[in-house]
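To start, the structure itself, in structure tokens.
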Amino acid sequence: MFHRLAGAAPGRVPTRREARVRGRDEDRRLDAADLGAELGERATLVQFSSAFCAPCRATRRVLGEVARLVPGVAHVDIDAEARLELVRALDIVSTPTVLVLDAGGRIVRRAAGQPRKADVIGALGEAL
């Protein structure tokens, strides 16, 4: 399931037991200036990655496939090490972390770890 996750130790994928709903992202909005890329017309999948993260590569493939499959959805991959100010502002504590944004840039879902394609598509339902 695609959860909003509480923090976990950097570089470690949180367990299901550590998953819990996060309320503070609900009013947070990101724009093209924050992301360094344009938002999707309908939704945006934002991935925070690091260079030597194997799950990040797999997540990049999954999110890219979903973005190509669903019209109006963009995928933005952000190097967490290069964007530390944004990582800190959003409380990103592990990679990969994925944010699902609606058309207005509001964060509607958050997940840490490698998501399944079906879960990403399901999470997009909340943004579309």
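It should be emphasised that the depicted structure is a prediction, and the values quoted were computed from it without experimental measurement.
Phe48 contributes atom CZ, which lies 11.0 Å from atom OG1 of Thr95 (distance to the nearest 0.5 angstrom). Separating the CG atom in Leu101 from the CZ atom in Arg28 is a distance of 10.5 Å, to the nearest 0.5 Å. Between the OG1 atom in Thr59 and the NZ atom in Lys117 there is a gap of 14.0 Å [rounded to 0.5 Å].
Minimum heavy-atom separation, Ala43 to Ala127: CB-CB, 4.1 Å. Glu38 approaches Ala32 most closely through the heavy-atom pair OE2-CB, 3.8 Å. The minimum heavy-atom distance between Leu39 and Gly104, with the atom names listed, is CD1-C, 4.4 Å. Here the shortest heavy-atom pairing between Ala80 and Val87 reads O-CG2, 3.5 Å. Between Arg57 and Ala51, the shortest heavy-atom distance links the atoms NH1-O, 4.1 Å. Shown here for Pro96 and Gln47, the closest heavy-atom pair between the two residues is CB-NE2, 4.3 Å.
The disulfide bond (SG atoms under 2.5 Å apart) pairs that include a residue from residues 52-128 are Cys53-Cys56, where partners are two or more places apart or lie in different chains. Residue pairs meeting the salt bridge (charged side-chain N to carboxylate O under 4.0 Å, His left out) criterion with at least one member in residues 72-82, sequence neighbours excluded, are Arg60-Asp77.
Of the residues listed (Val70, Thr44, Asp102), the one engaging Leu124 in a side chain to side chain contact (heavy atoms under 4.5 Å, CB included) is Val70, and it is the only one.
Put simply, the side chain of Leu45 reaches to within 4.5 Å of the side chain of Val100, judged on heavy atoms. With contacts defined as side-chain heavy-atom distances shorter than 4.5 Å, the pair His75/Val66 does not qualify. In this structure, Leu90 and Ile107 have side chains that are in contact, with non-hydrogen atoms separated by less than 4.5 Å. Looking at Val108 and Arg106, their side chains come closer than 4.5 Å, going by heavy atoms from C-beta outward.
Residue Glu65 qualifies as enclosed at atom CD: its count of foreign heavy atoms under 6.0 Å is above 12.
Linking ILVMFWY residues whenever their side-chain heavy atoms come closer than 4.5 Å, directly or via other members, leaves Leu99 and Leu84 in distinct clusters.
With hydrogens and angles disregarded, no donor-acceptor distance shorter than 3.5 Å links the side chain of Arg109 to the backbone of Val120.
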